[in-house]
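The structure appears below as structure tokens.
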Amino acid sequence: MNHWLRLTLIGALFLPLAARADDDAAARASRWEGLRHDLFGDRQVRDGADKIILDAPNRAEDAALVPVTITVANPKDVRGVYLVIDDNPAPMAAHVKFGPAGDPQMLKLRVRVNQYTIMHAIEETNDGDLYETARFVKASGGCSAPAGAYDEQALSDVGQMKFRIAKTLNQDASVEAQLLIRHPNFNGMQMDLTTRGYTPARFLKTITATYNGEKVWDIDSDISLSTDPAITFLVKPQKKGTLAVTAKDSDDVVFEQSFDLNQPGS
């Protein structure tokens, strides 16, 4: 085959792919612009490359359990963070508002991802400024994946919580902790393999943690949080005390549990 003809044929094959990539990029940019306006109105959302980091796998092993870590460079300036999964049916995965007993420096969640998508993490400062970072995640089917062994007996355990201290950060005395909440977080998209019908939605809407009466954080969530949510966070205990957690789901059922937190060396 003539050399120039070969190059022409190769170019013809790659042009549609390049055009599709451009179309996808334009569609994703338009999607985010609409979401940004819906969430924040006319407020400016600035580039937060030097302020906030969003860590998630490039290709998720399990689209129903995608680990996400949000870290901020200047935690003392941060009022809250948002996690937005652009192409999920309910893009707002979590809005976390920190209190005086919370440390915004690091937060870990597990989320569902419905299809290849861009995720955004947005930092809101104490002055009300917004800074954003994003990454592309390859995962699909996480929103319709079965929630596992949530039969009638398993549902009797809904709302039970576990809490553990992971480690202490010596830099600012914040303690890394993890909260596990037993809940199916049904989103209405999961099929019951026995009945072939869809399991009615029932998911956690709000979770609040306090330490000795001071707010650590409030989380407003939706159907994007995974089954049995796991939340890893930093808390600033000044002395021995009690971490109290209150969670409310979409059936208006309230779950409450308290844990003793003993700061090492106190």
Side-chain angles (χ1 to χ4, degrees), residues 39 65 67-70 72 75 78-85 90 92-112 121-122 124 126 147-148 150 153-166 174-188 199-263 266:
L39 294 171
L65 290 168
V68 174
T69 302
I70 300 172
V72 299
V78 176
R79 175 192 302 171
V81 295
Y82 298 80
L83 177 64
V84 181
I85 306 174
M92 176 61 78
H95 177 202
V96 185
K97 295 159 283 186
F98 296 97
D103 183 346
Q105 183 180 343
M106 181 275 296
L107 179 74
K108 295 181 181 180
L109 302 168
R110 298 188 307 200
V111 297
R112 297 180 173 114
I122 301 96
E124 183 174 21
N126 293 321
Y150 261 98
Q153 181 178 357
L155 284 170
S156 68
D157 297 333
V158 164
Q160 290 190 5
M161 305 180 196
K162 293 182 179 180
F163 175 78
R164 68 182 183 91
I165 299 296
S174 291
V175 174
E176 182 177 323
Q178 185 181 63
L179 175 69
L180 303 172
I181 306 177
R182 178 75 167 160
H183 200 287
N185 259 17
F186 293 134
N187 58 19
T199 304
R202 184 183 179 184
F203 54 91
L204 290 169
K205 294 183 67 177
T206 60
I207 312 168
T208 299
T210 62
Y211 185 74
N212 285 349
E214 284 195 321
K215 183 170 78 173
V216 179
W217 41 251
D218 291 327
I219 298 180
D220 294 325
S221 62
D222 211 301
I223 63 174
S224 290
L225 279 190
S226 69
T227 295
D228 298 333
I231 305 164
T232 303
F233 59 97
L234 300 178
V235 60
K236 298 187 290 189
Q238 301 303 313
K239 56 185 178 180
K240 294 180 180 180
T242 300
L243 183 89
V245 180
T246 301
K248 183 178 181 179
D249 70 14
S250 55
D251 282 4
D252 290 329
V253 179
V254 176
F255 313 101
E256 297 178 314
Q257 202 158 335
S258 296
F259 307 91
D260 289 332
L261 198 161
N262 297 323
Q263 170 73 310
S266 59

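Predicted, not measured: the structure shown is a model, and the values here were computed from it.
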- Verify, without hydrogens or angle tests, whether Gln257 (side chain) and Met161 (backbone) share a donor-acceptor contact under 3.5 angstrom.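 A pair under 3.5 Å: yes.
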Kindly indicate whether the side chain of [X], heavy atoms from C-beta on, has any atom under 4.5 Å from the side chain of [Y].
X: Val72; Y: Leu107; answer: no
X: Val235; Y: Asp103; answer: no
X: Asn185; Y: Arg112; answer: yes
X: Gln160; Y: Val158; answer: no
X: Met92; Y: Asp222; answer: no

- Task: Give a yes or no on whether a salt bridge exists between Asp251 and Arg202, defined as a side-chain N under 4.0 angstrom from a carboxylate O.
- Result: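 Judged by the 4.0 Å cut-off on N to carboxylate O distance, Asp251 and Arg202 do form a salt bridge.
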- Query: Quick one: do Lys97 and Asp220 make a salt bridge, cutoff under 4.0 Å?
  - Reply: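 Yes, charged N to carboxylate O under 4.0 Å.
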- Item | Partners passing side chain to side chain donor-acceptor pair (under 3.5 Å) against Glu214 (at least two apart in sequence or in another chain) |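 Partners of Glu214 by the side chain to side chain donor-acceptor pair (under 3.5 Å) criterion come out as none, since no residue qualifies.
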- State which residues pass side chain to side chain donor-acceptor pair (under 3.5 Å) with Thr210; sequence neighbours excluded, sorted by chain then number.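 None.
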- Item | Pair Thr227, Arg110: side-chain N/O donor-acceptor within cut-off below 3.5 Å |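 Arg110 and Thr227 do not have a side-chain donor-acceptor pair below 3.5 Å.
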- Query: Taking atom types as modelled, is there a side-chain donor on Asp228 or His183 under 3.5 Å from an acceptor on the other?
  - Reply: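 The criterion, which ignores hydrogens and geometry beyond distance, is not satisfied for His183 and Asp228.
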- Message: Once ring pair (Phe, Tyr, Trp, His ring centres under 6.0 Å) is applied, do any residues pair with Phe259, and if so which ones, sequence neighbours excluded?
- Response: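 Ring pair (Phe, Tyr, Trp, His ring centres under 6.0 Å) list for Phe259, sorted by chain: Phe163.
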